[in-house]
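Protein chains get the first letters and strands the later ones, always in sequence-line order, with residue 1 at the start of each.
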Number of protein chains: 2
Amino acid sequence: MAKKAGPRAKAGEQAGAARGEERIRQRNEKAILRAATTLFAKKGFDGTRATEIAERAGLPKANLYYYFNTKEEIYRAAIRHLIAGWDKALRHIRADADPFEALEAYVREKLDYARKNADESRMFANEIISGAPFLSRADRKHMHDITLEKTLIIEQWVAEGRMRPVNPRHLFIVLWSTTQFYTNFEKITCDTLEKPRLSPSDYEDAARTIVETVLRGLRPGKASSDP
Amino acid sequence: MAKKAGPRAKAGEQAGAARGEERIRQRNEKAILRAATTLFAKKGFDGTRATEIAERAGLPKANLYYYFNTKEEIYRAAIRHLIAGWDKALRHIRADADPFEALEAYVREKLDYARKNADESRMFANEIISGAPFLSRADRKHMHDITLEKTLIIEQWVAEGRMRPVNPRHLFIVLWSTTQFYTNFEKITCDTLEKPRLSPSDYEDAARTIVETVLRGLRPGKASSDP
DNA sequence: GTCTATAGACAGATAGAC
DNA sequence: GTCTATCTGTCTATAGAC
């Protein structure tokens, strides 16, 4: 605790030593989080051994406990990092945008994010399926608030007659489910599409399907009511 | 192994005793599978302790190993039981049915099945996210074959002009994702809908949203091409 | 068919030399 | 900042009395 910067540290050398330690710390923490995310995605919290995280991160196990106090602390850090990434795709949904251009851009960015951050996506899915035991109240409030903000925009679009009436909360649920399924349940998707793994062009097909089914159903008809 | 039917068993009593044991066996195996499904759903395979299964099933732990040889055997039995249940909802999809009545009936039965078998649904989701390590080749082939059978029907409907063109495999993926999300990710859904838990009427809203977005987008337009 | 006791392996976490 | 050795507890699975 008190022992820092090595035995030969004197006043004046501490800043330089601290910077060096900081670099190592950042590199190692990143390696730990990366390794942990992959394992937590595959096996969940209880199923992931601290030893496995250490091996995959290329560090001795004891070092995990130097950078993080508990396995839970590693898990929570990974969740926080993921949630920070979720928000970005929602930026397309702005009141002044064209509803269908905005929603299509959102769908495409969401699919892309999941594809490029597959382990994080799966880890989060695992966390929710397990009953969200580690998702903090603050994280849940944040996700709730940003969703609410976007539902108001959908409601505005509906009120303006630019979209057919739809429950915006359920619409978001449908969009989340479809944009995450391909990555989270990749094994099923691969079996269904008869491919060993998913390529970008499969994600392009996914985007097209979502746009032509989910979103197309929301375009206002020329005859504004329906059979 | 050889010791059966208790000490006082004589020739002629064995059949009766065997029936009695059979009843106990069925009851206990069911209790074990039920308890295991709930726990596997929450914590995955590695995260679930045999002791917990036993406690929840109301049996001493050693009895688990009397009915099943390993924890994996329990897990596989639960998976098999679940897959047997998946097929039912697909029966609505018949070539001679109306496409939209058939698909709506499928969606509603699928949502209903997930709602009433939440633990099984979540356990299966957990298994796939984890990379499907225990899903047997035979199970995957079965799921693939039944899906293929139904995609042919969708293709026929499209060819007949009763539905807009769509990749049937992707359509099934979209329908699976939306009908399972509400149950598998119930925590997120509850936060989004601002409810402590999901009621049947929330599932009714879900069905309506899926029908009015996904399926509505597939109805052939009066003008058969599109902007 | 039930249950106690325990073997044997391995987990998370820590102490302290370097 | 790294790493060996180890503490303490828990796990799956089994042996064997009842």
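- Which of D:dC3, C:dA13, C:dT2 sits closest to the side chain of A:T70 comes down to C:dA13.
- Judged by distance alone, the side chain of B:D119 and the main-chain N or O of B:A41 form no donor-acceptor pair under 3.5 Å.
- An OP1 or OP2 oxygen of C:dG12 is reached within less than 4.0 angstrom by no side-chain nitrogen or oxygen of A:Y75.
- Taking atom CG on A:N69 and atom C1' on C:dG12, their separation rounds to 13 Å, with Å as the unit.
- Side-chain proximity of B:Y65 to the nucleotides D:dT12, C:dT14, C:dT2 is greatest for D:dT12.
- Computed from coordinates, the B:Y67 OH to D:dT14 P distance equals 17 Å when rounded to whole Å.
- Between B:M143 and B:I83 there is a side-chain heavy-atom pair separated by less than 4.5 Å.
- Rounded to whole Å, the distance from CZ on A:F40 to C1' on C:dG12 is 12 Å.
- In this structure, A:H170 has its ring center no closer than 6.0 Å to that of B:F181.
- For the pair A:Y66 OH and C:dG16 C1', the computed distance is 15 Å after rounding to whole Å.
- Regarding A:F68, its CZ atom lies at a distance of 15 Å from the P atom of C:dT14, rounded to whole Å.
- If you check every strand for non-hydrogen atoms under 4.0 Å, B:K71 touches sugar and phosphate atoms only.
- Taking the six-membered ring for Trp, A:W86 and A:F124 have ring centres closer than 6.0 Å.
- Put simply, NZ on B:K43 is 17 Å from P on C:dA11, counting in whole angstrom units.
- The listed nucleotides are C:dA15, D:dT2, C:dC3; the one nearest the side chain of B:P60 is C:dC3.
- A heavy atom lying under 4.0 Å from DNA chain D marks the following residues of residues 44-56 of chain B, by number: B:T48, B:R49, B:A50, B:T51.
- In this structure, the CG atom of A:N63 is 16 Å from the P atom of C:dG12, given to the nearest Å.
- With rounding to whole Å, B:L64 atom CG is found 15 Å from C:dG1 atom P.
- Note on residues 47-60 of chain B: pairs passing side-chain hydrogen bond (donor to acceptor under 3.5 Å, both in side chains), not counting sequence neighbours, are B:K43-B:E52.
- Residues A:K61 and B:N28 both approach DNA chain C. Their nearest nucleotides, taken by heavy-atom distance, put B:N28 toward the 5′ side.
- A salt bridge does not link B:R108 with B:D112: none of the charged nitrogens is closer than 4.0 Å to a carboxylate oxygen.
- Pairs passing the ring-ring contact (aromatic ring centres under 6.0 Å, His included) check and including a residue from residues 22-64 of chain B, sequence neighbours excluded, read B:F40-B:F45, B:F40-B:Y75, B:F45-B:Y75, B:F45-B:F134.
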